[in-house]
Protein chains: 2
Amino acid sequence: MTAEARMDPACPMAAFPFHVGGKWTGMVVVALLDGPRRFGELRQTLGIRSAKVLTETLRDMMCDGLVTRTDHQANPPHVTYELTDLGRSLLPVIDAMREWSDQRLAELLAHRQAHPATESGAAPTPTSPQR
Amino acid sequence: MTAEARMDPACPMAAFPFHVGGKWTGMVVVALLDGPRRFGELRQTLGIRSAKVLTETLRDMMCDGLVTRTDHQANPPHVTYELTDLGRSLLPVIDAMREWSDQRLAELLAHRQAHPATESGAAPTPTSPQR
DNA sequence: CGGCATCCTATGAGATACTG
DNA sequence: CAGTATCTCATAGGATGCCG
């Protein structure tokens with residue numbers, strides 16, 4: 001298969017969670033690999049200042065069946081998030097990404113740095129966390 | 001490792017091309033797997049109406065050393081794009097994504113459909129190519 | 001044919017501030 | 001503590017139209 005015919009929107013590449021799910025989805029999966037985490041823990045781990053972003057990410061992921069939410073009825077509130085089996089099934093993909101990054105990311109970044117790219121904002125340099 | 005400490009922006013997940021590179025990067029790689037393609041070919045294959053988007057994607061990818069551009073000095077213009085070794089090295093990752101999609105994507109989509117998600121626009125259903 | 005130059009718009013990401 | 005409610009802002013994505 002590959003690129004013979006026209007690539008329709010049903011193509012896996014178009015639907016894959018890391019693109020569909022927003023910027024933080026992948027990191028949340030990684031953060032939850034060790035086991036359940038609380039909302040605040042996640043927030044700190046991921047370095048998210050705004051709660052809203054995390055809330056949205058988690059809601060989307062719940063909607064997609066990637067994580068489950070457990071509300072330990074307590075006061076003060078205590079809520080934990082945990083990977084579902086489906087969520088954990090993403091691990092091989094993440095590992096593939098990690099391995100690639102280990103071996104090749106430097107090369108890509110070097111290329112990028114060397115290029116004027118005709119333009120200033122080709123893509124935000126990941127090493128400089130602006131915003 | 002995994003999620004012990006704070007996850008800094010240098011984390012591979014944050015820099016991985018499929019998130020950094022924009023929506024079409026992955027598909028372009030797939031489209032180029034078989035060999036060099038012309039600009040118009042890519043455009044058709046990917047189903048991109050706007051040339052600008054493809055131009056930008058390709059420029060970014062060149063900048064990152066993922067593809068090379070060959071201008072066959074001809075009239076009318078004839079330009080081909082080709083995967084570099086670095087670009088081709090993404091194949092394992094893509095395959096991992098594909099495999100995951102084959103096995104689990106349906107599950108995710110089913111989950112999503114079943115959920116009200118509190119909101120309308122959780123994420124654009126990949127099966128309905130709007131726009 | 002390839003690809004700029006423009007312009008437009010939806011929306012993702014984030015900052016605050018407030019509530020149960 | 002774990003959210004919700006607003007608001008702002010940048011920008012990715014796309015539609016046209018023109019040029020070499």
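Residue numbers begin at 1 in each chain, while the letters A, B, ... track the order of the sequences. Keep in mind that the numbers below use all heavy atoms, side chains included, and drop hydrogens, waters and symmetry copies.
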Original post:
Can you pull the salt bridge (Lys or Arg N to Asp or Glu O under 4.0 Å) pairs that have at least one residue in residues 79-89 of chain B, sequence neighbours excluded?
Top reply: A:Arg104-B:Asp85
Original post:
Starting at CD of A:Glu56 and ending at C1' of C:dG14, how long is that distance when rounded to a whole Å?
Top reply: 10 Å
**OP:** List in chain and number order the residues that pass side chain to side chain donor-acceptor pair (under 3.5 Å) with B:Ser89, two or more places apart in sequence or in another chain; answer none if no residue qualifies.
**Re:** A:Trp100
Original post:
Rounded to whole angstrom units, what separation is found between the CG atom of B:Leu46 and the C1' atom of D:dG13?
Top reply: 14 Å
Subject >> Listed partners of A:Glu99 passing salt bridge (charged side-chain N to carboxylate O under 4.0 Å, His left out), at least two apart >> reply: none
Subject >> Sequence-distant partners of B:His78, side chain to side chain donor-acceptor pair (under 3.5 Å), two or more places apart >> reply: B:Arg38
Original post:
Looking across every strand, which nucleic acid part, if any, lies under 4.0 Å from B:Val79 by heavy atom: base, sugar-phosphate, or nothing?
Top reply: sugar-phosphate
Original post:
Is there side-chain contact between B:Pro92 and B:Asp95, with at least one heavy-atom pair below 4.5 Å?
Top reply: no
Original post:
About how many Å separate CE of A:Met27 and NZ of A:Lys23, when rounded to the nearest 0.5 Å?
Top reply: 7.0 Å
Subject >> With sequence neighbours excluded, residues passing side chain to side chain donor-acceptor pair (under 3.5 Å) with B:Thr80 >> reply: B:His72
Subject >> Distance in angstrom units between B:Arg37 CZ and C:dG2 C1', rounded >> reply: 18 Å
Subject >> Phosphate-side-chain proximity, B:Arg38 and C:dG2, N/O vs OP1/OP2 below 4.0 Å >> reply: yes
Original post:
For A:Gln44 and D:dA2, what is the distance between atoms CD and P respectively, to the nearest whole Å?
Top reply: 11 Å
Original post:
Within this structure, what is the CG-to-P distance between A:Asn75 and D:dC1, rounded to whole angstrom?
Top reply: 12 Å
**OP:** Send over the distance from B:His72 NE2 to C:dG2 P, rounded to a whole Å.
**Re:** 10 Å
Original post:
In whole Å, what is the span from the CG atom of A:Leu54 to the P atom of C:dG14?
Top reply: 11 Å
Polar atom pairs (N or O), protein with nucleotides 16-20 of chain D, under 3.5 Å:
none

Original post:
Of A:Trp24 and B:Glu41, whose nearest nucleotide on DNA chain C comes first from the 5' end?
Top reply: B:Glu41
Original post:
Quick one: A:Arg69 CZ to D:dA2 C1', roughly how many Å, whole number?
Top reply: 8 Å
Subject >> Comparing A:Pro76 and A:Thr55 on DNA chain D - which has the more 5′ nearest nucleotide >> reply: A:Pro76
